[in-house]
Engineer: 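Have a look at this one.
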Amino acid sequence: MAEEKVRQIGRHRMMTHGPKAGDPGKIMKRLSSFIMKRYSVHIIAVIICIFVGVLANVQGTLFTRSLIDDYIIPMVKSGSRDFSPLLSAIARVALFYSIGILSTYIYQRMMVEVSQGTLKDLRCELFAKMESLPIKYFDTHAHGDIMSVYTNDIDTLRQMISQSMPQFLNSLITIISVLLSMLFLNIPLTVISLIMVGVMLLSSRKAAGISGRFFSAQQKSLGALNGYIEEMMTGQKVVKVFCHEEQAIEEFKKRNRDLFVSAYNANQYSNILGPLNMQIGNVSFCICAILGGALALSGISGLTLGKLASFLTFNKSFSMPVNQIGTQMNFCLMALAGGERIFALLDEEPEMDSGYVSLVNVERREDGSLSETAERTGIWAWKHKHTADGSVDYVELKGDITLDGVDFAYDDEHFVLHDVELYGRSGQKIAFVGSTGAGKTTITNLINRFYNIQDGKIRFDGININKIKVRDLRRSLGMVLQDTHLFTGTIMDNIRYGRLDASDEEVMEAAKLVSADSFIRHLPEGYNTVITGDGSSLSQGQRQLLSIARAAVADPPALILDEATSSIDTRTEKMIQSGMDSLMKGRTSFVIAHRLSTVKNADCIMVLEGGRIIERGDHEELMGQKGRYYQLYTGLKIAN
Amino acid sequence: MEKSYESIPAREVIRTLGREVKEFKFDSIMTPVSMVLEVVMEMAIPYLMASIIDKGVTAGDMQHIKETGGIMIVIAVAGLLFGIMGAHFGARASAGLAMNLRLRMFESIEAMSFPNLDRFSTAGLVTRLTTDITNIQNAYQMILRMFMRAPSSIIIAMVMAFVINRRLAFIYLIAVIFLGIFIFTMMGRVSRYFAYVFTKYDDLNESVQENVTGIRVVKAFAREEYEKDKFDKAADNIYRMFVKAERMIILNMPVMQFTVYACILLISWFGAHMIVGGSLTTGELMSLLTYCMNILMSLMMLSFVFVMISMSAASARRITEVIKEIPEIRNPEDPVMEVPDGSIKFDNVWFSYYKDKTGEKDCILDDINLDIKSGETIGIIGGTGSSKTSLVNLISRLYDVTRGSVSVGGRNVKEYDLNTLRMSVSHVLQKNELFSGSILENLRWGRENATLEECIEACKISNAHEFIDRMEERYDTRIEQGGSNLSGGQKQRLCIARAILRRPKILILDDSTSAVDTATDARIRRALKDYLPGMTKIIITQRISSVIDADRIVVMDEGRINGIGSHEELLRNNDIYRDVYESQNSGKETPDFDTK
């Protein structure tokens, strides 16, 4: 419950502040350095290739001028039939073109590696980072938002890196070289072309502005519709049971219509952008043609027919990259917003781990002292390395767990646990009871450091758990969580998740121990049945059995069972009881359950209320106290 | 459980999509028309340009330059106009298609029955209604705007080239044919490979999803490194496949450039000969070169459209699959419109979830015979997977029997109008949902025109009134999506209230009080008995205390009825029942700590 609350607070925060309008330049810089660190040689080669490609292209366009001015017209005038100079010129241009084609191909091929490689690295870094984040992060971020970083944000970034960035570079170099060539050909006409480019940019901005307004309206109605779809699909069976189909369709129609209107407006205006720029480009072409024609006729600025022809070609190839830069720029801004979310995730503070005590397997020597070994001996020890003199201590793992004056709040403000004292001796079974939100799950989440406490101390075999390496601490604690989660893979793989080097026999042994073996054997492929979608084809009870088996195969020194059998019917539970008992035997176990049968034989029962332990003792003692436990137990008072 | 989409033939897909275009036929026709007109305008420009150079500049005719230039500007404006029209109609047609497809899908889903829904996952349906639709919308707009435009641009450019100079135009014709063949064989291969890569990509994202939702398990078992290794391998695999696919795509560009440049050089060479020979003007040569660029651009556009189409083909199939799904449970012809009473009869009922697997071994209900009188209270108890839920699902025809029959009010359930039947049989599902909206709105799902008083009364019976009353806005309190701001027990009590508001003849509670404490549970049962005595009540539970005072209790075991009788009878002669009883009551009255 408390976690749910934190999650809501987190969501709320994200919604009110919206996506931060970060500095795109900064993100661009960071992205570039991310790429440059890995592919600096590639990038330099790409830039050179693009440059060469553009130059070769411009050479080709300039050839149109010299074709007419230097070859055709003189030949027409002189009436000569000697085509050999033209042939060698064409051969020269063909060489240029070949270089252009080759360099374009090379840079594109390199960009494939750069973009895909960068994305792969980003994905892997994202995933590695995600795995290192504290549970709190997942509480405060909607899972859909985290997912969309991997899907939407990475996808737009892919387009940006592989298409927009080279395109952008290409356009920029083209514009510069074309502009230079145009200036070289005729200055007044160039000025006119530039003015028309200005007009183009201005009108694009206008149209993009209108379209942008509709796009955010579209985004809003899309969100409204998608939210409705998600809710209706999740509750579809309820809709049918209540014959609510008609109403659902009516509401859907309304939202669907809204989306249609905004989608069509948004697309309409963004579609106009292309033709608008193209026709402005054409007008620019016309104006230059008319003025150029007049100039060429009057012969004032030395504009020849061939020069005019080239200029007009340049004019046409000038407006295209300008247009390109506009659209690519828009796209880049969008992609960079995604990039910002990617880097925000990468910048998250990982789980704190300053522990230096590690968990190792040990052998007992004849003299009783412990020595480290790589084999599984069944005896564990905490390896305590003293930094001062480099000496190493081994403390045998017994499973004593104590909480001393522990205060805890999910958000540093609203404390959900107050001054919790708890002593779990090796091999004891400790049970927590209390109403929802009393803090039972929270306590177990503190022991394995899913969350860090604000005040007090938690010790494992006398060692402050902050000194133990987080992963070793967790390896020493077998957990069966309230919400079962299974992974895509076979049943065998899922149980083996507890201990990766467990043999098939050991896996089956564990399954038998918790009475999961029989139902598994009834599945079509037995242990090799593939589970998909979090095991949605299994019943909740079966999934719980699997997650208990998973903890059993891990063979941990201590166990945390959080409502581990809540969905297993009482009869089956009774059947697995002996298995559970042997699983818990010799291990310190923390058990959360609302069923008496699960709790009654605990060595110590903690009754929690409002984040405090209000009663403690074994069943007999607590019954004798006639307090809260007695009330809960006899049903005299409602716990809710 | 997701269905594969390989089975639906392309013709079927196109027909299904085509039906939804009808409403926007005008827009769909006008878009390519406008685009073609835009192309005509654009294509006229190089022609006029040639005229300016030849007849104007060379002949020194300023008047001609001005006139032709003026015409060119007019044509540019007209082109813009057609462009805007194309933008408008294209956006409308594609957004319209998306709207209609979405609605048709949604309607189809609403018409589906439980067996149909089981075949599609919730997440799958959401994706189909959102991402897949967006893909289709974009692809349709692209097709409308480009599919006619690009070929007509090529054709017009070709025609113009032929008009200018037939011999030189042949060079284009050869180039276009060569490129066309190349692009289409190439793109066919690439898009097939891409389709494959994208399924792998989906798998990768799915594993991320699993890690996000299951992060506690990953951390509890300290499996971060293991997951990282797994992910790195998968990501590396994806990287390789994408690189391979994109390397195929980029071959496009050099081939295209090569062809175009070859054309330019050939035209220059032969053009020069012709000009010197007097059979071609310089202006015409210029135009020819411009058309060459036009053809190149159009071909690139066309290949892009082709990729779009093949990429969205999978989406189209997935959408069609939902629309074409035939509801397994339908209204009978000439349905019975009233349920006379709340009696239920199971007659040799066999049931399997799989239509194609109906052997005795596949059935999870084996030959059930059960007679329930109207007004009776029946408890059903049994272990995990003993098919309790499957049994009651047959009463309101959420599923149909495989063999045998189920009757309500003396008639086979298949004879009733579905809505009539479900109005009379109120089913509180095990996995229940509330919807975002006020408490009152949620309650009125039960009966639309229920008054506030009636709602309060129902809530009093289900013991929900007390907590609603304590809320600040009482019955106007907003419920968040999925009821996330309510506790499990509160949700369950609201769901019961919603179900009894319907005033059904039969009420089915499928583990509906599992999160409610025993005392409240007892009060709910008491109230149901006192206020709704004539209603048949079926209570599925794991708690003995919930069924202890039922008229009869049915003990289910592995799909069979293991015993029927009152609490006392079963205690005496049913082993399973006694086991369950003892597992819960080791001599004590209450089995649970009522903690939820």
Engineer: For Q141(B), is it the side chain, the backbone, both, or neither that has a heavy atom closer than 4.5 Å to a heavy atom of chain A?
Structural biologist: side chain

Engineer: Taking every heavy-atom pair that is under 4.5 Å apart, which of A93(B), G79(B), A262(B), S396(B) has the most such pairs with chain A?
Structural biologist: G79(B)

Engineer: Check each atom of S132(A) against the heavy atoms of chain B and say whether the ones under 4.5 Å are side chain, backbone, both or neither.
Structural biologist: backbone

Engineer: Please flag which part of R240(B) lies under 4.5 Å from any non-hydrogen atom of chain A: side chain, backbone, both or neither.
Structural biologist: neither

Engineer: Side chain, backbone, both or neither: which part of A248(A) has a heavy atom under 4.5 Å from chain B?
Structural biologist: both

Engineer: Quick check on S268(B) against chain A: is it the side chain, the backbone, both or neither that has a heavy atom closer than 4.5 Å?
Structural biologist: both

Engineer: Between R92(B), R422(B), Q137(B), which has the largest tally of heavy atom pairs under 4.5 Å with chain A?
Structural biologist: R92(B)

Engineer: Which atoms of F82(B) are under 4.5 Å from chain A, going by heavy atoms: the side chain, the backbone, both sets, or neither?
Structural biologist: neither

Engineer: Between L103(B) and chain A, which part of the residue has a heavy atom less than 4.5 Å away: side chain, backbone, both or neither?
Structural biologist: both

Engineer: After noting the C-alpha distance and the side-chain angles of R123(A) and F231(B), does the key distance pass the side chain to side chain contact (heavy atoms under 4.5 Å, CB included) rule?
Structural biologist: CA-CA 9 Å; R123(A) 263 189 214 119; F231(B) 184 86; 4.1 Å; yes

Engineer: Taking E131(A) first and then K219(B), would you say they form a salt bridge - that is, a charged N and a carboxylate O separated by under 4.0 Å?
Structural biologist: no

Engineer: Is it the side chain or the backbone of L398(B) that comes within 4.5 Å of chain A heavy atoms, both, or neither?
Structural biologist: side chain

Engineer: R499(A), M111(A), E246(A), M278(A): which one forms the most heavy-atom pairs within less than 4.5 Å of chain B?
Structural biologist: M278(A)

Engineer: Does any heavy atom of chain B fall under 4.5 Å from the side chain of Q247(A), the backbone, both, or neither of them?
Structural biologist: side chain

Engineer: So which residue, Y105(A), F519(A), Y150(A), F260(A), ends up with the most heavy-atom pairs under 4.5 Å with chain B?
Structural biologist: F260(A)

Engineer: Could you walk me through whether R550(A) and V217(B) pass the side chain to side chain contact (heavy atoms under 4.5 Å, CB included) test, one step at a time?
Structural biologist: CA-CA 10 Å; R550(A) 182 166 62 187; V217(B) 177; 3.6 Å; yes

Engineer: Contact part of A111(B) toward chain A, heavy-atom cut-off under 4.5 Å: side chain, backbone, both or neither?
Structural biologist: backbone

Engineer: Is the CZ atom of F258(B) crowded by more than 12 outside heavy atoms at less than 6.0 Å?
Structural biologist: no

Engineer: So which residue, E42(B), R145(B), E38(B), ends up with the most heavy-atom pairs under 4.5 Å with chain A?
Structural biologist: R145(B)

Engineer: Please state whether the side chain, the backbone, both or neither of L204(B) comes within less than 4.5 Å of a heavy atom of chain A.
Structural biologist: side chain

Engineer: Taking side chain as everything from C-beta outward and backbone as N, CA, C, O, which of these in I381(B) sits under 4.5 Å from a heavy atom of chain A? Side chain, backbone, both or neither.
Structural biologist: neither

Engineer: Flag the pair Y71(A) / F83(A) as yes when their ring centroid distance falls below 6.0 Å, and as no otherwise.
Structural biologist: no

Engineer: Do you know which of L265(B), T68(B), N419(B), D232(B) has the most heavy-atom pairs with chain A at a distance under 4.5 angstrom?
Structural biologist: L265(B)

Engineer: Pick out which of E227(B), K228(B), R223(B) makes a side chain to side chain donor-acceptor pair (under 3.5 Å) with N211(B).
Structural biologist: E227(B)

Engineer: Using 30° and 60° as the class limits, which term best fits the ring planes of F106(B) and F252(A): parallel, tilted or perpendicular?
Structural biologist: parallel

Engineer: Side chain from CB out, backbone as N, CA, C, O: work out which of these in Y497(A) comes under 4.5 Å of a heavy atom of chain B, or both, or neither.
Structural biologist: both

Engineer: Identify the residue among E113(A), Q108(A), Q116(A) that makes a side chain to side chain donor-acceptor pair (under 3.5 Å) with R247(B).
Structural biologist: E113(A)

Engineer: To the nearest 0.5 angstrom, please state how far the CZ atom of F450(A) sits from the CG atom of N445(A).
Structural biologist: 6.0 Å

Engineer: Please test K120(A) against I238(B) for side chain to side chain contact (heavy atoms under 4.5 Å, CB included), starting from the C-alpha separation and ending with a verdict.
Structural biologist: CA-CA 8 Å; K120(A) 185 194 107 181; I238(B) 291 284; over 6 Å; no

Engineer: Under a plain distance cut-off of 3.5 Å, with no hydrogens placed, do R102(B) and N256(A) share a side-chain donor-acceptor pair?
Structural biologist: yes

Engineer: When heavy-atom pairs shorter than 4.5 Å are enumerated against chain A, which of I73(B), L285(B), I109(B) gives the highest number?
Structural biologist: I109(B)

Engineer: Checking heavy atoms, do the side chain of L87(A), its backbone, both or neither come under 4.5 Å from chain B?
Structural biologist: both

Engineer: Taking it one step at a time, do Y264(A) and H88(B) satisfy side chain to side chain contact (heavy atoms under 4.5 Å, CB included)?
Structural biologist: CA-CA 8 Å; Y264(A) 129 66; H88(B) 165 82; 3.1 Å; yes

Engineer: Looking at chain B, which one of L473(A), L133(A), L126(A) has the largest number of heavy-atom pairs inside 4.5 Å, strictly under?
Structural biologist: L133(A)

Engineer: Based on non-hydrogen pairs under 4.5 Å, which of V93(A), L259(A), V283(A), N265(A) is most in contact with chain B?
Structural biologist: L259(A)

Engineer: Side chains of V77(B) and Q279(A), heavy atoms from C-beta outward: is any pair under 4.5 Å?
Structural biologist: no

